[in-house]
2 protein chains.
Amino acid sequence: MTAMDPAEVRTQLGRNLTYGMLDTLGRAIVIGSYQDRVFPTEAELAKEYGVSRSVTREAVKMLTAKGLLSARPRQGTIIQPATSWNLFDTDVLRWLLERKFSVELLRHFNQLRVAIEPEAAALAATYAQPSDLEAIDAGLKRMRAAEQGNDDTLDADIAFHVAVLRASANPFYAQFRDVVSTALRTSIRFTNRIKGRSASVDDHAAVRDAIAARKPDAARKAMKRLIGDVLDLIETADDEPERPAD
Amino acid sequence: MTAMDPAEVRTQLGRNLTYGMLDTLGRAIVIGSYQDRVFPTEAELAKEYGVSRSVTREAVKMLTAKGLLSARPRQGTIIQPATSWNLFDTDVLRWLLERKFSVELLRHFNQLRVAIEPEAAALAATYAQPSDLEAIDAGLKRMRAAEQGNDDTLDADIAFHVAVLRASANPFYAQFRDVVSTALRTSIRFTNRIKGRSASVDDHAAVRDAIAARKPDAARKAMKRLIGDVLDLIETADDEPERPAD
DNA sequence: GGTGGTCTATTTATATGATCTATAGGACTT
DNA sequence: AAGTCCTATAGATCATATAAATAGACCACC
């Protein structure tokens, strides 16, 4: 019940009190800080975070929209079961990945990628516009530059995969852009560890070529190889203990 | 600028004013009602919908959380480009599907399903628990009952697909449960039209058997056939003019 | 003449207190 | 028991006041 310094909440994640509280409270819920005790009432939350009820209500409403909470008169505000959290919301995903980095979550995520991205590549081979191909090429170029140390490896990799997703010309696939960026960016440490052994620039180029050549099946296969490798590595790494990066 | 009767907003979608406004405003944005004019300020919105600023703010905050809006001082509240809308939010998806039923959106959605569900079936073949298999069987049983007219065809179909998604033991796949339900339920008319020609109960049973037999590849193929058929039908139906159900 | 700082109007953000509404759970009745 | 009614509680709504942020105008200075 120690009132939090407003400045502290504000500092957490830019912008303003509402977004600060959204982030702090969201993370707290995901971590499980409210697991055993009854979730505080609106007024208690306001006091706990040292903000007004308006701010509290708006933060709670946003968390409701993301599926983490529900509020009903006389029943109070309650945490929804994790199954109803919107995992494709970048905030929720980030909180989950940050809470206690779990190889399991990363494996689940890559099990998803192995379904999505190859199919996106196949669609891209059919629907990609010239501008999409340019974006893919640009991503590839950045990867090459990164090999020489002239660009960030992770950013380049993300740029490539995002470009393919967009090229699919399907809004549902394009949506994964944020999800993939968030997940890759948040799990930098781990992905770095397996990076050296995994997909090379040449493997990525194979995807690009198949798309450019308008060969859906080839594109699908090339992408599947790219991600399947990563997945294999994660699955074998499953029991490997986590340790800080050097 | 005609002030809306609060009771009217309240009626829109159960619960209370905030959720009523969320739904009405969300739908209006998705339809494109605010496309050419500048988006109203918080105060104007409140007047337009005949509610207080608090209600307005909370509705706007929820729409912000779903990616439809952004608000900054002095700049005002503005509609985000459709690419940043969270399509995996059931509200957003429902608004999109309801606005003006589009075969294109349905095709895009099924292009996603064809990636997700076969892979989910494969994972289910590996990870499904006894209780998951029971749920799948229950869904199948309902489909058989529906054939005899003793259950709802759509509900039964949804139950089956949702059961498979859950059986994948992967939260990301399980997440599609809501998305698939929403999409199927909203596009009843169209799916009914192609239902007769598409997947039969036997095809569904094939998926079930492959999962029960712990054969990932067989499960994947069986599910792909199921959804691939639907997708083919949609793609050929692309130019077919829309007409009301009889 | 352009560069950078400051000022201001506007809009959202925050705070607070009063009042309304829905409802869980108990009290009461049949 | 089974149904009905009551009531305390917690969220929902409203109204109003004040603070904070910033786009754009304005101005001083080099």
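A note on names: the letters A, B, ... follow the listed sequences, proteins ahead of strands, and every chain is numbered from 1. Quick caveat: nothing in here was measured; it's all calculated off a predicted structure.
Using a 4.0 Å cut-off, no side-chain N or O of K61(B) falls inside it from OP1 or OP2 of dT12(C). For the pair T18(B) and dT13(D), the criterion of a side-chain N or O lying under 4.0 Å from OP1 or OP2 is met. Using a 4.0 Å cut-off, no side-chain N or O of S52(B) falls inside it from OP1 or OP2 of dT13(D). Residue R57(A) has a polar side-chain atom (N or O) positioned under 4.0 Å from OP1 or OP2 of dA12(D).
Contacts of F172(A) classified as ring pair (Phe, Tyr, Trp, His ring centres under 6.0 Å), with partners at least two apart in sequence or in another chain: F109(B). Q80(A) meets the side chain to side chain donor-acceptor pair (under 3.5 Å) test with S70(A); sequence neighbours excluded. Take R166(A) and apply the side chain to side chain donor-acceptor pair (under 3.5 Å) test, not counting sequence neighbours, and it matches no residue. The salt bridge (charged side-chain N to carboxylate O under 4.0 Å, His left out) check on R177(B) picks up nothing, with sequence neighbours excluded.
One finds no salt bridge joining D151(B) and K141(B) here, because no Lys/Arg side-chain nitrogen approaches an Asp/Glu carboxylate oxygen to under 4.0 Å.
Screening residues 148-168 of chain A for ring-ring contact (aromatic ring centres under 6.0 Å, His included) gives F160(A)-H204(A), H161(A)-H204(A) as the qualifying pairs, with residues at least two apart or on separate chains. Within the structure, every pair that satisfies the ring-ring contact (aromatic ring centres under 6.0 Å, His included) test and touches residues 26-46 of chain B, not counting sequence neighbours, is listed here: Y34(B)-F39(B). For residues 136-157 of chain A, no pair satisfies ring-ring contact (aromatic ring centres under 6.0 Å, His included), with sequence neighbours left out.
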Between the protein and nucleotides 23-27 of chain C, which nitrogen or oxygen pairs come in under 3.5 angstrom?
{"from": "dA24(C)", "atom 1": "OP1", "to": "R72(A)", "atom 2": "NH2", "distance (Å)": "2.6"}

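For R53(B) against dT11(C), a side-chain-to-base donor-acceptor contact under 3.5 Å is absent.
The listed nucleotides are dT16(C), dG11(D), dT12(C); the one nearest the side chain of T77(A) is dG11(D). Distance from the side chain of V51(A) is smallest for dA15(C) among the nucleotides dT14(C), dA15(C), dC14(D).
Comparing the helix axis at one end of the helix from dG1(C)-dC30(D) to dT30(C)-dA1(D) with that at the other, each defined from 5 consecutive pairs, gives an inter-axis angle of 10° (nearest 10°).
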